[in-house]
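Step one of this worksheet: look at the structure below.
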Amino acid sequence: MPGSKYERELRFIDTETARLNYLKTQLMESMPADPAEANEKAVQVQEMENQIADYLARKKEIEDSFVAAGLDVPNMHKSMNASVYNRVSDE
């Protein structure tokens, strides 16, 4: 059974924050000597940090709603396709 829309949103948030963190690191490692270009990259890094903060706030909001409803927070590290588990045979 596919996950709920909130589980899919949590997966999206995890994927996007990882992607943005990677891009941010790449930008920070390659700061140019030209002050105008460096300022432009600094603005891009700040925008990425703001987007990451927004994603993490939304993630906390979703997780808190699961807890408030008395549900377990979904495990995002489990495969979405893992709906069938291997049985241990008695043979």
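For Glu47, there are no salt bridge (charged side-chain N to carboxylate O under 4.0 Å, His left out) partners at least two apart in sequence or on another chain. Applying the salt bridge (charged side-chain N to carboxylate O under 4.0 Å, His left out) rule to Glu40 yields no partners; only residues at least two apart in sequence or on another chain are considered. Applying the side chain to side chain donor-acceptor pair (under 3.5 Å) rule to Glu49 yields no partners; only residues at least two apart in sequence or on another chain are considered.
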Distance-only donor-acceptor pairs under 3.5 Å for side chains of residues 24-38, two or more places apart:
residue : atom : partner : partner atom : Å
Thr25   : OG1  : Asn21   : O            : 2.8
Ser30   : OG   : Gln26   : O            : 3.1
Ser30   : OG   : Lys41   : NZ           : 3.2

Donor-acceptor contacts under 3.5 Å from residues 60-70 side chains, at least two apart:
residue : atom : partner : partner atom : Å
Lys60   : NZ   : Asp64   : OD1          : 3.3
Lys60   : NZ   : Asp64   : OD2          : 3.0
Glu61   : OE2  : Arg58   : NH1          : 2.7
Ser65   : OG   : Ile62   : O            : 2.6

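A distance of 5.5 Å separates CG of Asp54 from CD of Gln51, quoted to the nearest 0.5 Å. Rounding to the nearest 0.5 Å places CG of Leu20 at 11.0 Å from OG1 of Thr15. Taking CD from Glu9 and CG from Asp14, the interatomic distance works out to 11.0 Å, rounded to the nearest 0.5 Å.
A ring-ring contact (aromatic ring centres under 6.0 Å, His included) check over residues 9-64, counting only residues at least two apart or in different chains, returns the pairs Phe12-Tyr55.
For Asn50, the CG atom is densely surrounded, since the number of other residues' heavy atoms within 6.0 Å is greater than 12.
Val43 is not connected to Leu23 by any chain of hydrophobic side-chain contacts under 4.5 Å among Ile, Leu, Val, Met, Phe, Trp and Tyr, and they are in different clusters.
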Go through the steps to decide whether Thr17 and Lys59 satisfy the test side-chain contact (heavy atoms from CB on, under 4.5 Å), and finish with yes or no.
CA-CA 11 Å; Thr17 54; Lys59 180 178 180 177; over 6 Å; no

